[in-house]
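Here is the structure we will look at, set down as C-alpha coordinates.
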Amino acid sequence: MSEHIEISTEYIPLGQFLKLANVVESGGMVKIFLSEFDVYVNGELENRRGRKLYLGDTVEIEEFGVFEVVREE
(Lines give C-alpha, C1' and ligand atoms only; values in the text may rest on other atoms or scores of the structure.)
Protein backbone atom coordinates (compact mmCIF):
# COMPACT_ATOMS: atom_id res chain seq x y z
CA MET A 1 0.00 0.00 0.00
CA SER A 2 1.37 3.40 -0.93
CA GLU A 3 0.98 6.74 0.80
CA HIS A 4 -0.63 9.40 -1.40
CA ILE A 5 1.19 12.73 -1.65
CA GLU A 6 -1.05 15.44 -3.09
CA ILE A 7 0.18 18.16 -5.45
CA SER A 8 -1.73 21.03 -7.02
CA THR A 9 0.69 21.62 -9.92
CA GLU A 10 1.43 19.69 -13.11
CA TYR A 11 4.62 18.23 -11.64
CA ILE A 12 6.88 18.45 -8.59
CA PRO A 13 10.69 18.11 -8.45
CA LEU A 14 11.91 15.09 -6.50
CA GLY A 15 13.64 17.30 -3.92
CA GLN A 16 10.44 19.19 -3.12
CA PHE A 17 8.51 15.92 -3.11
CA LEU A 18 10.83 14.46 -0.46
CA LYS A 19 10.20 17.50 1.75
CA LEU A 20 6.43 17.32 1.18
CA ALA A 21 6.43 13.62 2.08
CA ASN A 22 8.36 14.45 5.30
CA VAL A 23 11.28 12.25 4.27
CA VAL A 24 13.76 15.14 4.65
CA GLU A 25 13.45 18.31 6.71
CA SER A 26 15.07 20.80 4.33
CA GLY A 27 16.14 21.23 0.73
CA GLY A 28 19.77 21.17 1.77
CA MET A 29 19.38 17.62 3.04
CA VAL A 30 18.06 16.29 -0.28
CA LYS A 31 21.42 15.91 -2.03
CA ILE A 32 22.91 14.06 0.96
CA PHE A 33 19.81 11.89 1.31
CA LEU A 34 19.92 10.88 -2.36
CA SER A 35 23.59 9.89 -2.01
CA GLU A 36 22.88 7.70 1.03
CA PHE A 37 19.55 6.06 0.16
CA ASP A 38 18.31 4.27 -2.96
CA VAL A 39 15.31 6.14 -4.32
CA TYR A 40 13.29 4.49 -7.09
CA VAL A 41 10.91 6.44 -9.32
CA ASN A 42 8.56 4.13 -11.22
CA GLY A 43 10.94 1.25 -10.52
CA GLU A 44 14.08 3.02 -11.78
CA LEU A 45 16.92 4.15 -9.51
CA GLU A 46 16.98 7.97 -9.37
CA ASN A 47 19.53 10.33 -7.83
CA ARG A 48 18.60 13.67 -9.46
CA ARG A 49 16.83 15.98 -7.03
CA GLY A 50 15.39 17.93 -9.98
CA ARG A 51 13.67 14.89 -11.50
CA LYS A 52 10.11 15.92 -12.36
CA LEU A 53 7.39 13.76 -10.84
CA TYR A 54 3.97 13.73 -12.47
CA LEU A 55 0.56 12.45 -11.38
CA GLY A 56 0.58 8.69 -10.99
CA ASP A 57 4.35 8.42 -10.48
CA THR A 58 5.47 6.24 -7.60
CA VAL A 59 8.51 6.79 -5.40
CA GLU A 60 9.91 3.89 -3.38
CA ILE A 61 12.48 4.40 -0.65
CA GLU A 62 13.73 1.50 1.45
CA GLU A 63 13.04 2.09 5.15
CA PHE A 64 10.57 4.89 4.30
CA GLY A 65 7.96 3.22 2.10
CA VAL A 66 6.16 3.77 -1.17
CA PHE A 67 4.60 7.09 -2.15
CA GLU A 68 2.30 7.99 -5.05
CA VAL A 69 1.84 11.44 -6.60
CA VAL A 70 -1.86 12.33 -6.74
CA ARG A 71 -3.93 15.42 -7.54
CA GLU A 72 -4.78 17.66 -4.59
CA GLU A 73 -8.53 17.78 -4.07
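Counting begins at 1 with the first residue of the sequence. As the structure is a computational prediction, the values presented were derived from the model and not from experiment.
- Side-chain contact check for Glu68 versus Asp57: every heavy-atom pair is 4.5 Å or farther apart.
- By the 6.0 Å contact criterion, CD on Glu6 is enclosed, its count of non-hydrogen atoms from other residues, nucleotides or ligands being greater than 12.
- Rounded to the nearest 0.5 angstrom, Arg71 CZ and Ser8 OG are separated by 7.5 Å.
- Val69 is not listed as a side-chain neighbour of Tyr11, based on a closest heavy-atom distance of 4.5 Å or more.
- Taking both residues in full, the closest heavy atoms of Glu63 and Phe37 are given as OE1-CE2, 4.0 Å, listed atom of the first, atom of the second, then distance.
- Considering CZ of Phe67 and NE2 of His4, their distance stands at 12.0 Å, rounded to 0.5 Å.
- Rounded to the nearest 0.5 Å, atoms CD1 (Ile7) and CD1 (Ile12) are 6.0 Å apart.
- Taking CE of Met29 as the start and CD of Glu36 as the end, the distance is 9.0 Å to the nearest 0.5 Å.
- Val66 and Leu14 fall into different hydrophobic clusters, where Ile, Leu, Val, Met, Phe, Trp and Tyr are joined by side-chain heavy atoms under 4.5 Å apart, directly or via other members.
- Atom NZ of Lys31 sits about 10.5 Å away from atom CG of Asn47, to the nearest 0.5 Å.
- How far CG of Leu18 is from CD of Glu25: 13.0 Å, rounded to the nearest 0.5 Å.
- The heavy-atom pair separating Ser26 from Lys19 by the smallest distance is C-CD, 3.6 Å.
- When the shell of 6.0 Å around CD of Glu44 is examined, it contains 12 or fewer heavy atoms from other residues, nucleotides or ligands.
- Between Glu46 and Tyr40, every side-chain heavy-atom pair lies at or beyond the 4.5 Å cut-off.
- Contact annotation: the side chain of Val39 approaches that of Val59 to within less than 4.5 Å [non-hydrogen atoms, C-beta and beyond].
- In this structure, Leu45 and Asp38 have side chains that are in contact, with non-hydrogen atoms separated by less than 4.5 Å.
- Using a 4.5 Å heavy-atom threshold, the side chains of Val23 and Phe17 count as separate.
- No more than 12 heavy atoms of other residues, nucleotides or ligands sit less than 6.0 Å from atom CD of Glu62.
- When the side chains of ILVMFWY residues are joined at heavy-atom separations under 4.5 Å, either directly or via intervening members, Leu53 and Val70 end up in two distinct hydrophobic clusters.
- Between Arg49 and Leu34 there is a side-chain heavy-atom pair separated by less than 4.5 Å.
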